[in-house]
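One structure is given below, encoded as structure tokens.
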Amino acid sequence: MSTTTLAPTIFNELNTFLQLPNKFIPEPSTTILIKDSTNSMDGTFLTHHFINSYFQPNNNNTTSTITTNQVILCSFYQTFFHYQSVSLKLNLNLEKLNNFNFIDAQLGNIYLEEEGDDLLSIHSPLIITKLQNLNLNNNNITIFKNKEENLENYLKNLLNLILKLKKNEMNQHCIILDQLQYLFYYFQNNNNFKKLILNFIHELKKENFTILLHVYQENNLKNNLNEQNNELNNFINLLEYLSEIIYNVGPLPTGYSKDVHGRLECKVVVGNNSTALKNVTTTMMDKKVVLHYKLFESKVALFLPGQVASSGSDLFLI
């Protein structure tokens, strides 16, 4: 008795309304930015949309997820278990993918100011899953002991780690930097923060990585007036300038609705001297598409403003 494995779930509306190809995969060196201003980090489903896009079956074969693409997910906040639990609902088992790697780059609870608890001062190392056939020396695994840790060394170690994980024989490579705001909070006192991050992204582009950035942006006007959030917003604006595809996930401007949980703005742009989307044909270039979404316990619906989420084919697992 044969069993059929469903293809990983993707959200086709994200491509359809931007008039991008079905099962669209961004070209090498493309930068994608997800700006998330929802308290519950709703934009996570976009991260999984792109992961699943890279692992769509070849030649319409729905019984296999073997592809010639590689995805490296670097998280500054969540554990592998979080992504695995969501992916399983989306018909994808990350643990069984040879071309998927996870880097745990959590930096500890940077908000705690209390002293005297040694356990809280220990920050997790760069932990890599899927270490088969990968030789790493101790210099590539860094444990952070305090906030004075050098950002330049951290990014250098992280870049070396990513390059060692990279499988050059793969067709396309995607690096996901998830919850990037925690890196900012941890190293915000470094005067060269923006420059070092931009250099890091530049090095990844030189290696032909498609780069997906997911960052939380405070949506509260009062909180935005403080210096820390103002600097973070300036940093996010800089990331937006560097990006070719931008998703802005936020609450409804009119407030809570039981039928609509949030608003998603999608935009494809061409940055200065960008060649990342040179082969993409769409009349939506530099135009904004607005969608609404509704979250369920294990599903999400995407639809145009004015429409409502149905209980049928509009629902997608997440």
Side-chain angles (χ1 to χ4, degrees), residues 26 29-51 71-80 82-83 86 101-111 123-124 126-127 142 144 147 149-159 161-162 165 173-205 207 209-219 223-224 228-250 271:
S29 298
T30 301
T31 302
I32 305 157
L33 176 64
I34 301 172
K35 295 196 302 179
D36 197 337
S37 59
T38 61
N39 292 333
S40 54
M41 300 287 184
D42 293 348
T44 298
F45 79 85
L46 293 169
T47 299
H48 286 275
H49 165 79
F50 280 101
I51 293 175
V71 174
I72 300 174
L73 171 56
C74 176
S75 177
F76 301 99
Y77 181 67
Q78 296 285 5
T79 64
F80 174 77
H82 166 79
Y83 300 99
V86 175
N101 300 94
F102 178 77
I103 300 175
D104 185 341
Q106 295 183 78
L107 300 173
N109 193 333
I110 53 87
Y111 295 109
H123 303 278
S124 33
L126 296 176
I127 302 172
T142 304
F144 294 91
K147 292 187 178 182
E149 186 67 38
N150 187 282
L151 174 61
E152 186 173 5
N153 289 339
Y154 172 80
L155 293 176
K156 181 180 179 181
N157 289 336
L158 182 56
L159 180 62
L161 203 58
I162 291 170
L165 287 167
H173 306 84
C174 177
I175 177 71
I176 300 173
L177 304 178
D178 199 29
Q179 306 297 337
L180 197 56
Q181 73 276 4
Y182 286 100
L183 189 65
F184 170 83
Y185 291 142
Y186 194 87
F187 290 112
Q188 62 181 302
N189 292 328
N190 189 307
N191 294 329
N192 292 322
F193 178 84
K194 294 178 185 177
K195 178 181 178 180
L196 291 172
I197 295 296
L198 294 183
N199 288 341
F200 177 70
I201 293 175
H202 177 69
E203 291 298 319
L204 291 173
K205 280 180 170 284
E207 295 291 332
F209 276 99
T210 298
I211 306 168
L212 175 62
L213 310 171
H214 183 194
V215 61
Y216 176 76
Q217 185 172 36
E218 179 64 61
N219 193 48
N223 290 340
N224 281 336
Q228 181 187 69
N229 282 327
N230 187 49
E231 285 298 316
L232 176 59
N233 289 338
N234 289 337
F235 172 59
I236 294 174
N237 290 337
L238 182 59
L239 295 179
E240 182 172 351
Y241 176 77
L242 297 174
S243 302
E244 287 84 25
I245 302 176
I246 302 164
Y247 297 97
N248 194 346
V249 186

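All heavy atoms count here, side chains included; hydrogens, waters and symmetry mates do not.
The side-chain heavy atoms of Glu203 and Lys156, taken from C-beta on, include no pair separated by under 4.5 Å. Side chains of Asp36 and His214 form a contact here, defined as non-hydrogen atoms less than 4.5 Å apart. At a threshold of 4.5 Å between non-hydrogen side-chain atoms, the residues Asn199 and Leu155 do not count as touching. Residues Phe187 and Leu196 form no side-chain contact, since every pair of their non-hydrogen atoms from C-beta on lies 4.5 Å or further apart. Counting heavy atoms from C-beta outward, Asn192 and Leu151 have side chains that stay 4.5 Å or more apart.
Residue Thr30 comes nearest to Lys205 through the heavy atom pair C-NZ, 4.2 Å, listed as atom of the first residue, atom of the second, then distance. Considering all non-hydrogen atoms of both residues, Phe193 and Phe184 come closest at CZ-CA, 3.4 Å. The nearest pair of heavy atoms linking Ser243 to Ile32 is OG-C, 4.4 Å. A pairwise comparison of heavy atoms in Tyr83 and Thr79 identifies CD1-O, 3.2 Å as the closest pair. When all heavy atoms of Glu244 and Thr31 are compared, the pair lying nearest together is OE1-N, 2.6 Å. Here the shortest heavy-atom pairing between Cys74 and Ile175 reads CB-CD1, 4.5 Å.
With ring centers used as reference points, Tyr186 lies 6.0 Å or more from Phe76.
By the 30° and 60° cut-offs, the orientation of the rings of His173 relative to Phe209 is perpendicular.
The structure places NZ of Lys195 at 13.5 Å from CG of Leu238, a figure rounded to the nearest 0.5 Å. Note that the CZ atom of Phe235 and the CD1 atom of Ile197 stand 5.0 Å from one another [nearest 0.5 Å]. Taken to the nearest 0.5 Å, the OH atom of Tyr77 stands 11.0 Å off from the OH atom of Tyr185. In this structure, CG in Leu46 is found 13.5 Å from NZ in Lys35, a value given to the nearest 0.5 Å. Asp178 CG to Leu183 CG: the interatomic distance, rounded to the nearest 0.5 Å, is 12.5 Å. Considering CG of Leu33 and CG of Leu177, their distance stands at 11.0 Å, rounded to 0.5 Å.
In this view, Glu152 satisfies the salt bridge (charged side-chain N to carboxylate O under 4.0 Å, His left out) rule with no residue, not counting sequence neighbours. By the side chain to side chain donor-acceptor pair (under 3.5 Å) test, Thr47 is found to be paired with no residue, residues two or more places apart in sequence or in another chain being considered.
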Yes or no on side chain to side chain contact (heavy atoms under 4.5 Å, CB included) for Asp104 and Phe80, after CA distance, side-chain angles and deciding distance?
CA-CA 7 Å; Asp104 185 341; Phe80 174 77; over 6 Å; no
Please test Phe200 against Leu158 for side chain to side chain contact (heavy atoms under 4.5 Å, CB included), starting from the C-alpha separation and ending with a verdict.
CA-CA 9 Å; Phe200 177 70; Leu158 182 56; 3.8 Å; yes
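Of the possible donor and acceptor atoms, none in the side chain of Gln181 sits under 3.5 Å from a partner among the backbone N and O of Val215. Using a distance-only test at 3.5 Å, with no hydrogens or angles considered, a donor-acceptor pair links the side chain of Ser37 to the main chain of Val249. Checking side-chain atoms of Glu207 against main-chain N and O of Leu204 turns up no donor-acceptor pair under 3.5 Å.
Each of Ile34, Leu232, Leu239 was scored for a side-chain contact (heavy atoms from CB on, under 4.5 Å) with Leu180, with one residue passing: Leu239.
No more than 12 heavy atoms of other residues, nucleotides or ligands sit less than 6.0 Å from atom CG of Asn191.
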